[in-house]
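Data first, discussion second: the structure below is written as structure tokens.
All figures in this text were calculated on a predicted structure; none of them were measured in a lab.
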Amino acid sequence: MKWSEQAEAALRKVPFFVRKRVRKRVEEEAVAAGAREVTIEHVVRCQQRFMKNQEEDVRGFQVETCFGPGGCPNSVGPDPELARRIEEHLAGLDLKGELKKRVKGLLKMHHEFRVSVSDCPNGCSRPQIVDVGLLGALRPEVTGEDCSGCGACVAACREEAITLRETGPVIAMYECLACGQCAKACPTGTLAAGRRGYRILVGGKLGRHPQLGRELPGIFTAEEALETVKRCAAHFLAHNREGERFGEILQRTGYHELGRGK
Ligand code: SF4
Ligand code: SF4
Ligand code: SF4
């Protein structure tokens, strides 16, 4: 839908992590009013309603995604349905009802349990600052195929994790972010796709005491990632006292119950 310049300028002032959601709401507002273009009036009306009915807008959870499933060439996320399956699970938990019992005063968006799925380590949907962030991951594997020494893998690796020896490529796994680009670039199959799945970050948040999510060890298949999100949501509900963020809860309880990948 087209946006007027003034409306776009107003949207740019909204904090980036809720901008996508606000854009959707304002467009709904414009459609309901029978408009073909979003104007500043739609933005203001939406803002006024939001201030008045803040609690009604809270769902208890949010699941955000990057544009990977829409065809981004960097995507290594193995399951385009994962975000929908996570959303389905969270919708069945009545997180809003549970949070309302614990939060003193009005329930706000920052109380919600937030999950973000990015289909590669670039993390465009900002998985580092939500309760559970998933990053599509593909570990390269060195096969028995002869290496031609072309250097395409070294050129493809932005982490400088690959060294070429006479015997072929050697990968420094502690430097590797599992973006899969080297396996894609290799013309001989010496480097091929190994384990594919998701890296998982937990407990990221902004606010007064911001912190980046801490990575659980290993790479999780889509099924394992779904199970981990379920465990995290259960942990969030079991230990949430007054609408705290997951990161604060984990500082109290530790991370050991959340599991690990391979
Ligand atoms: S996170 Fe990766 S796959 Fe997703 S939109 Fe960004 S670059 Fe593309
Ligand atoms: S997967 Fe990505 S980060 Fe890892 S070695 Fe290959 S290109 Fe480098
Ligand atoms: S891209 Fe493949 S063939 Fe070329 S140097 Fe790397 S491993 Fe060898």
Side-chain angles (χ1 to χ4, degrees), residues 63-87 115-130 132-202 204 212-232 255 258-262:
V63 180
E64 288 153 335
T65 58
C66 72
F67 298 113
C72 176
N74 293 329
S75 171
V76 287
D79 185 357
E81 293 297 305
L82 181 60
R84 184 191 53 75
R85 295 170 74 202
I86 290 172
E87 184 140 9
V115 178
S116 171
V117 184
S118 276
D119 277 0
C120 86
N122 289 352
C124 295
S125 59
R126 320 229 177 212
Q128 307 87 346
I129 51 166
V130 294
V132 185
L134 309 182
L135 291 153
L138 193 157
R139 280 254 182 260
E141 216 170 62
V142 182
T143 68
E145 296 296 328
D146 285 344
C147 168
S148 68
C150 69
C153 54
V154 175
C157 182
R158 289 163 62 182
E159 310 311 316
E160 299 183 3
I162 305 176
T163 312
L164 273 189
R165 302 244 167 94
E166 266 182 32
T167 47
V170 176
I171 301 174
M173 283 304 175
Y174 56 89
E175 303 273 14
C176 172
L177 293 185
C179 69
Q181 292 300 326
C182 53
K184 253 190 221 172
C186 178
T188 57
T190 312
L191 281 176
R195 188 166 169 83
R196 188 190 291 265
Y198 295 88
R199 290 163 53 211
I200 301 186
L201 309 174
V202 292
L212 295 180
R214 174 161 149 182
E215 184 160 352
L216 299 179
I219 290 183
F220 296 71
T221 63
E223 287 309 314
E224 288 164 352
L226 179 62
E227 288 312 308
T228 305
V229 173
K230 289 182 182 177
R231 258 199 312 281
C232 288
Y255 292 71
L258 304 183
R260 58 189 305 140
K262 287 184 187 142

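- The minimum heavy-atom distance linking Arg196 with Pro78 is given by the pair CD-CB, 3.6 Å.
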Run the side chain to side chain contact (heavy atoms under 4.5 Å, CB included) test on Gln128 and Glu215 for me, step by step, so that the C-alpha distance in whole Å, both residues' side-chain angles and the decisive distance to 0.1 Å come before the verdict.
CA-CA 9 Å; Gln128 307 87 346; Glu215 184 160 352; over 6 Å; no
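- Residues Leu135 and Cys120 have side chains not in contact (no heavy-atom distance under 4.5 Å, counting atoms from C-beta outward).
- Defined by atom type and a distance below 3.5 Å, a donor-acceptor pair is present between the side-chain atoms of Ser125 and Ser118.
- Once rounded to the nearest 0.5 Å, the distance linking OG1 of Thr228 with CD1 of Ile86 reads 9.5 Å.
- Here SG of Cys179 is found 10.0 Å from CZ of Arg139. Values are rounded to the nearest 0.5 Å.
- Rounded to the nearest 0.5 Å, atoms SG (Cys157) and CD (Glu175) are 8.5 Å apart.
- Within a 6.0 Å radius of CZ in Arg231, more than 12 heavy atoms belonging to other residues, nucleotides or ligands are found.
- The two residues Lys184 and Asn74 come nearest to each other via the heavy atoms NZ-CA, 4.3 Å.
- Enclosure of atom CZ in Arg195 by more than 12 non-hydrogen atoms of other residues, nucleotides or ligands within 6.0 angstrom is indicated.
- When atom types are taken as modelled, the side chain of Thr143 and the backbone of Gly189 share a donor-acceptor pair closer than 3.5 angstrom.
- When atom types are taken as modelled, the side chain of Thr65 and the backbone of Val117 share no donor-acceptor pair closer than 3.5 angstrom.
- For the residue pair Pro169 and Ile162, the shortest heavy atom distance occurs at CB-CG2, 4.0 Å.
- Pairing each heavy atom of Cys153 with each of Cys182, the nearest pair is CB-CB, 4.0 Å.
- A side-chain contact (heavy atoms from CB on, under 4.5 Å) with Tyr198 is found for one member of Leu226, Asp79, Thr221, Leu216 and no other, namely Asp79.
- Atom OG1 of Thr190 sits about 7.0 Å away from atom CG of Asp146, to the nearest 0.5 Å.
- Within the model, atoms SG of Cys176 and CD of Glu160 stand 13.5 Å from one another, a figure rounded to the nearest 0.5 Å.
- Because its NZ or CZ atom is not both nearer than 6.0 Å to the ring centre of Phe220 and within 45° of the ring axis, Arg199 does not count as a cation-pi partner of that residue.
- At least one side-chain heavy atom of Pro187 sits less than 4.5 Å from a side-chain heavy atom of Cys150.
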Given Val132 and Leu201, is the side chain to side chain contact (heavy atoms under 4.5 Å, CB included) satisfied, shown in steps?
CA-CA 6 Å; Val132 185; Leu201 309 174; over 6 Å; no
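- In terms of heavy atoms, Ala222 sits closest to Leu82 at O-CD1, 3.7 Å.
- Listed here is the closest heavy atom pair of Leu164 and Gly149: CD1-O, 4.2 Å.
- Of the charged side-chain nitrogens involved, none lies within less than 4.0 Å of a carboxylate oxygen, so that Glu87 and Arg84 do not count as a salt-bridged pair.
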For side chain to side chain contact (heavy atoms under 4.5 Å, CB included), just list the numbers for Val115 and Val229, CA-CA rounded to whole Å, side-chain angles, deciding distance to a tenth of an Å, and then say yes or no.
CA-CA 8 Å; Val115 178; Val229 173; 4.2 Å; yes
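- Annotation for Tyr255: atom OH counts as buried by contact number, over 12 foreign heavy atoms lying within 6.0 Å.
- For the atom pair CZ (Arg214) and CD1 (Ile200), the distance works out to 14.0 Å, reported to the nearest 0.5 Å.
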Step by step, would you call Glu64 with Val130 a side chain to side chain contact (heavy atoms under 4.5 Å, CB included)?
CA-CA 10 Å; Glu64 288 153 335; Val130 294; 4.3 Å; yes
